[in-house]
Participant: 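I'd like to ask some things about the structure below.
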Amino acid sequence: MLQIYNSLTRKKEAFKPHEPGKVRMYVCGLTVYDYSHLGHARAMVIFDMVARYLRIRGYHVTYVRNITDIDDKIINRANENGEDISEVTARFIKAMHDDIAALGVERPDAEPRATEHTGQIIAMITKLMEKGYAYVADNGDVYYDVSRFVAYGKLSGKRPEELRAGARVAVEEAKDDPLDFVLWKAAKPNEPSWNSPWGPGRPGWHIECSAMATHCLGNHLDIHGGGQDLQFPHHENEIAQSEGATGEPFVNVWMHNGIVRMDDEKMSKSLGNFFTVREVLAKYRPEEVRYFILFSHYRSPLNYSKEQLDGAKAALTRLYTALRGLPGSSDKAERAYRDRFYAAMDDDFNTPAAISVLFDLAHEINRLSEHDPAKAGQLAATLRKLGGILGLLQDDPDVFLQGIGAVGGDSLRIETIERLIAQRDEARKHKAWAESDRIRDLLAEKGVVLEDSASGTTWRRN
RNA sequence: GGCUGGAUGGCAGAGUGGUUAUGCGGCGGCCUGCAAAGCCGUUUAGGCCGGUUCGAUUCCGACUCCAGCCUCCA
């Protein structure tokens with residue numbers, strides 16, 4: 001039985017979609033004004049893992065992940081570059097798709113963009129106006145009246161009075177209440193705008209998610225996900241908007257992934273302490289990055305460090321080494337291991353525990369490979385199958401270990417390596433150990449590790 | 001200050017009221033011409049103080065420290 005930690009109730013709950021067998025899931029995507037960094041990548045990989053696992057468990061999943069393609073930062077970026085907004089967004093949407101595809105993130109079923117849903121957005125704001133949840137301010141902006149939504153704060157555990165008391169932000173004068181948030185921004189000169197009942201303007205950030213989520217998935221979602229840093233105010237505001245407009249519960253299960261840290265501090269654009277996905281992929285292979293992300297639980301903070309990424313590489317090397325030379329494809333997984341893997345994943349997507357099952361498999365494969373290759377082969381197929389659920393271990397082991405597409409360094413060409421190995425074999429036949437070791441040291445200096453066995457010499461890059 | 005969440009072995013990172021997490025690293029052994037890989041064994045745990053219990057790392061309470069949110073943020 002799948003259990004998911006629900007941020008709304010702050011506990012794990014048995015997962016029950018309200019339509020049996022079907023899951024409607026919405027995840028907050030990115031604002032496309034710059035390259036994605038590791039924090040974005042984590043959210044993308046986590047919810048990709050969630051969608052994959054739900055499907056493995058037999059659910060028909062509709063996964064929607066939005067793109068915010070109109071916002072102050074995008075406008076500023078376009079102005080800085082002397083570009084049109086659509087040029088900026090097109091470029092960074094492409095970059096995002098490339099980056100996360102490299103990390104093995106599958107495309108969601110829909111990827112709605114704010115600028116393509118202004119109709120739905122305006123319709124929802126109109127509804128909120130009609131129901132008295134919104135007002136037009138003196139400056140022409142439309143605001144949500146937080147005082148009208150009695151459940152405000154239920155997701156974040158915050159109380160409006162305390163928020164007001166602790167307000168540290170300069171209060172926008174047009175608002176009736178510092179907690180009110182903008183639904184529609186009146187256009188300033190030279191800003192992109194859409195016509196609306198309240199004059200030309202553009203949507204506020206929070207409303208787009210409410211409008212697109214309900215438009216794509218209906219009023220009542222099973223799962224809504226996003227980074228922990230979106231829990232308040234973004235998701236709190238989404239609830240206020242959606243439930244205010246539809247009168248129905250908006251989301252059953254709220255899932256929040258932990259943030260990525262650098263030196264025990266949040267990795268973020270504003271702090272400037274971030275690595276873009278591209279920068280990381282220049283040093284590490286995509287699968288290493290994906291493993292790094294999945295090796296800690298999705299709700300824990302994830303500390304970025306060289307040691308962690310190097311560890312991911314070492315761990316994958318062990319798993320692929322176990323798979324090497326064994327038939328890898330099969331549809332059936334050994335039941336005992338599969339059950340343990342599922343049990344881990346059923347427990348709030350406990351990927352570290354699930355990964356530990358992969359290592360137990362690798363260990364058993366290594367034990368059996370000599371005396372019971374048939375059984376070892378079966379387990380190898382199981383390992384590959386279960387790894388695949390996490391989007392791991394789908395490469396040919398030799399391709400991974402020999403580092404085709406490995407990054408960095410002045411690596412030797414395969415032909416050169418094989419020629420040197422042949423030379424060394426010749427020397428070894430004559431027990432010319434000095435020459436043999438000379439060649440092995442030479443290769444080692446170039447990052448190539450040799451492994452002699454009864455069946456010949458194999459090599460890998462380290 | 002308020003609201004969330006956390007504190008585990010050398011590092012990373014899970015589960016668990018009494019029994020091996022797992023990975024990286026260390027140490028000893030097997031294998032090897034020597035290595036590497038692998039295998040066998042092994043070494044360091046659960047912030048601090050109380051409480052509940054036959055027994056707590058695990059449950060409860062206080063304390064200390066850390067992070068996130070309260071401003072755009074995955």
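Each chain gets a letter, A, B and so on, in the order the sequences are listed, and its residues count up from 1. Just so we're clear, the structure is a prediction, and the values are computed from it rather than from any experiment.
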Participant: Taking the P atom of each, how far is G10(B) from G46(B), in whole Å?
Facilitator: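 Straight-line distance between the two P atoms is 10 Å.
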Participant: If you measure from the C1' atom in C59(B) to the same atom in G15(B), how many Å do you get, rounded?
Facilitator: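 Per the computed distance, 16 Å lies between those C1' atoms.
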Participant: When you measure from the side-chain N and O atoms of His363(A) to the phosphate of C39(B), is any distance below 4.0 Å, counting only OP1 and OP2?
Facilitator: yes
Participant: Do Ser436(A) and Arg424(A) have side-chain atoms, one donor and one acceptor, less than 3.5 Å apart?
Facilitator: yes
Participant: Considering heavy-atom distances to RNA chain B, does Cys28(A) or Ser436(A) have its closest nucleotide positioned more toward the 5' end?
Facilitator: Ser436(A)
Participant: Would G46(B) be called syn or anti, given that syn covers angles within 90° of 0?
Facilitator: syn
Participant: Whole Å only: how far is the CD1 atom of Ile355(A) from the P atom of C24(B)?
Facilitator: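 About 13 Å, once rounded to whole Å.
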Participant: Salt-bridge test for Glu80(A) and Lys73(A): reply yes if a basic N is under 4.0 Å from a carboxylate O, no otherwise.
Facilitator: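 Salt bridge: no.
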Participant: To the side chain of Ser300(A), which of A36(B), C3(B), A14(B) is closest?
Facilitator: A14(B)
Participant: May I ask which nucleotide in the shown strands pairs with A35(B), Watson-Crick or G-U wobble, both distances under 3.5 Å?
Facilitator: none
Participant: Give a yes or no on whether a donor-acceptor pair under 3.5 Å exists between the nucleobase atoms of G15(B), that is its base, and the side chain of Asn350(A).
Facilitator: no
Participant: Under 4.0 Å between any heavy atoms, over every strand shown, what does Met96(A) touch: base, sugar-phosphate, or nothing? Just pick one.
Facilitator: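 If one applies the 4.0 Å heavy-atom cut-off, Met96(A) turns out to touch nothing in the nucleic acid.
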Participant: Closer than 4.0 Å, any side-chain N/O of Tyr5(A) to the OP1 or OP2 of G5(B)?
Facilitator: yes
Participant: Given that both distances must come in under 3.5 Å, which nucleotide forms a Watson-Crick or G-U wobble pair with C54(B)?
Facilitator: G18(B)
Participant: Please tell me if His234(A) has a side-chain N or O lying less than 4.0 Å from either OP1 or OP2 of C70(B).
Facilitator: no
Participant: Out of A74(B), C3(B), A14(B), which nucleotide sits closest to the side chain of Glu162(A)?
Facilitator: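 For the Glu162(A) side chain, the nearest candidate turns out to be C3(B).
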Participant: May I have the distance from Asn462(A) (atom CG) to C24(B) (atom C1'), rounded to whole angstrom?
Facilitator: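 My rounded result for the distance is 15 Å.
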Participant: Donor-acceptor pair under 3.5 Å: do we get one between Asp71(A)'s side chain and the base of C72(B)?
Facilitator: no
Participant: Within the modelled atom types, does a donor on one side and an acceptor on the other bring the side chain of Ser369(A) and the base of G38(B) under 3.5 Å apart?
Facilitator: no
Participant: How far, in whole Å, is U8(B) from U58(B) if one measures between their C1' atoms?
Facilitator: 11 Å
Participant: Rounded to the nearest Å, what distance is computed from the CD atom of residue Gln308(A) to the P atom of nucleotide G25(B)?
Facilitator: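 Going from CD in Gln308(A) over to P in G25(B) covers 14 Å.
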Participant: Looking at Arg91(A) and Glu83(A), is there a salt bridge between them, counting it only when a charged N and a carboxylate O are closer than 4.0 Å?
Facilitator: yes
Participant: Report which part of the nucleic acid Asn366(A) touches: base, sugar-phosphate, or nothing (heavy-atom distance under 4.0 Å, all strands).
Facilitator: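 Sugar-phosphate contact only.
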Participant: Please report the distance separating the C1' of U42(B) from the corresponding atom of C54(B), rounded so that it comes out in whole Å.
Facilitator: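 Each nucleotide's C1' atom is 32 Å from the other's.
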Participant: Within this structure, what is the NE2-to-C1' distance between His256(A) and G68(B), rounded to whole angstrom?
Facilitator: 12 Å
Participant: Base, sugar-phosphate, or nothing for Gly153(A), non-hydrogen atoms under 4.0 angstrom?
Facilitator: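 Counting heavy atoms under 4.0 Å across all strands, no contact is made by Gly153(A).
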Participant: Would you say C69(B) has OP1 or OP2 under 4.0 Å from some side-chain N or O of Lys266(A)?
Facilitator: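 Yes, Lys266(A) has a side-chain N/O under 4.0 Å of OP1/OP2 on C69(B).
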Participant: Tell me the partner of G26(B), counting only Watson-Crick (N1-N3 plus N6-O4 or O6-N4) or G-U wobble (N1-O2 and O6-N3) with both under 3.5 Å; none if nothing fits.
Facilitator: U42(B)
Participant: Taking atom types as modelled and ignoring hydrogens, do the side chains of Glu287(A) and Tyr320(A) form a donor-acceptor contact shorter than 3.5 angstrom?
Facilitator: yes
Participant: Partner of U64(B) by Watson-Crick or G-U wobble geometry, both contacts under 3.5 Å, or none?
Facilitator: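 With both distances under 3.5 Å, U64(B) matches A7(B).
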Participant: Mark yes or no for a side-chain to base donor-acceptor pair under 3.5 Å between Arg440(A) and C34(B), with no hydrogen or angle criteria applied.
Facilitator: yes
Participant: Kindly point out which of G68(B), U22(B), C70(B) is positioned nearest to the side chain of Phe359(A)?
Facilitator: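 Nearest listed nucleotide: U22(B).
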Participant: Can you confirm if the NZ or CZ of Lys175(A) lies within 45° of the ring axis of Tyr144(A) and under 6.0 Å from the centre of its six-membered ring?
Facilitator: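 Not satisfied by the 6.0 Å and 45° rule.
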Participant: Under 4.0 Å between a side-chain N or O of Arg367(A) and OP1 or OP2 of C40(B)?
Facilitator: yes
Participant: Distance between the C1' atoms of U64(B) and G47(B), in whole angstroms?
Facilitator: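 It comes out at 8 Å once rounded to the nearest Å.
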Participant: Between C1' on G38(B) and CG on Asp360(A), what's the gap in Å once rounded to a whole number?
Facilitator: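 About 16 Å, once rounded to whole Å.
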Participant: Counting heavy atoms from C-beta on, name the nucleotide in G23(B), A36(B), A74(B) closest to the side chain of Ala315(A).
Facilitator: G23(B)
Participant: When the P atoms of C49(B) and U43(B) are considered, how many whole Å apart are they?
Facilitator: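 After rounding to an integer number of Å, I get 26 Å for this pair.
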Participant: Checking all strands, does Lys431(A) fall into the base, sugar-phosphate, or nothing category for heavy-atom contacts under 4.0 angstrom?
Facilitator: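 No contact at all - Lys431(A) keeps every heavy atom at 4.0 Å or more from the nucleic acid.
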Participant: Would Phe295(A) count as stacking on G23(B) if stacking means ring centres less than 5.5 angstrom apart and planes tilted under 30 degrees?
Facilitator: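 Ring-base stacking flag not set for Phe295(A) and G23(B).
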Participant: Is Val260(A) touching bases, backbone alone, or none of the nucleic acid, heavy atoms closer than 4.0 Å?
Facilitator: base
Participant: Under the 3.5 Å rule, do the base of C72(B) and the side chain of Lys73(A) count as making a donor-acceptor pair?
Facilitator: yes
Participant: Picking from A74(B), C39(B), G13(B), which would you name as closest to the side chain of Ala43(A)?
Facilitator: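 Taking heavy atoms from C-beta onward, the closest nucleotide is A74(B).
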Participant: Under the 3.5 Å rule, do the base of C72(B) and the side chain of Lys269(A) count as making a donor-acceptor pair?
Facilitator: no
Participant: How many angstroms lie between atom NE2 of His297(A) and atom OH of Tyr5(A), to the nearest 0.5 angstrom?
Facilitator: 10.0 Å
Participant: Is it true that His256(A) and His235(A) have ring centroids separated by less than 6.0 Å?
Facilitator: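 Under 6.0 Å, so yes.
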Participant: Does Thr68(A) make a side-chain N or O approach to OP1 or OP2 of C72(B) shorter than 4.0 Å?
Facilitator: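 Thr68(A) to C72(B) OP1/OP2: no side-chain N or O under 4.0 Å.
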Participant: What is the nucleic acid contact for Ile259(A), judged by heavy atoms within less than 4.0 Å: base, sugar-phosphate only, or nothing?
Facilitator: base
Participant: With rounding to the nearest 0.5 angstrom, report the CD to CE distance, Glu106(A) to Met49(A).
Facilitator: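 That separation rounds to 13.0 Å.
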Participant: Rounded to the Å, how far apart are Met49(A) CE and A74(B) C1'?
Facilitator: 14 Å
Participant: Can you tell me how far C1' in U4(B) sits from the matching atom in G17(B), rounded to whole Å?
Facilitator: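 Per the computed distance, 27 Å lies between those C1' atoms.
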Participant: So what does Arg438(A) touch, heavy atoms closer than 4.0 Å: a base, only the sugar-phosphate, or nothing?
Facilitator: nothing
Participant: Is there a donor in the side chain of Asn303(A) and an acceptor in the side chain of Ser305(A), or the other way round, less than 3.5 Å apart?
Facilitator: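 Note: Asn303(A) and Ser305(A) side chains miss the donor-acceptor criterion.
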Participant: Rounded off to whole Å, could you give me the CG-to-P distance for the Asp437(A) and A35(B) pair?
Facilitator: 10 Å
Participant: Does the side-chain hydrogen bond (donor to acceptor under 3.5 Å, both in side chains) test come out yes or no for Tyr342(A) and Arg338(A), once each step is laid out?
Facilitator: CA-CA 6 Å; Tyr342(A) 283 4; Arg338(A) 191 202 60 189; 4.8 Å; no
Participant: OP1, OP2 of G23(B) versus side-chain N and O of Arg318(A): anything below 4.0 Å?
Facilitator: yes
Participant: To the nearest angstrom, how far is Asp34(A) atom CG from A74(B) atom C1'?
Facilitator: 14 Å
Participant: If you check the Glu451(A) side chain, which of A14(B), G2(B), A36(B) turns out closest?
Facilitator: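 The listed nucleotide nearest to Glu451(A)'s side chain is A36(B).
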Participant: Could you give the distance separating G61(B) and C48(B) at their C1' atoms, to the nearest angstrom?
Facilitator: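 After rounding to an integer number of Å, I get 14 Å for this pair.
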Participant: Which sits closer to the 5' end of RNA chain B, Glu307(A) or Ser268(A), going by the nucleotide each is nearest to?
Facilitator: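 The answer here is Glu307(A).
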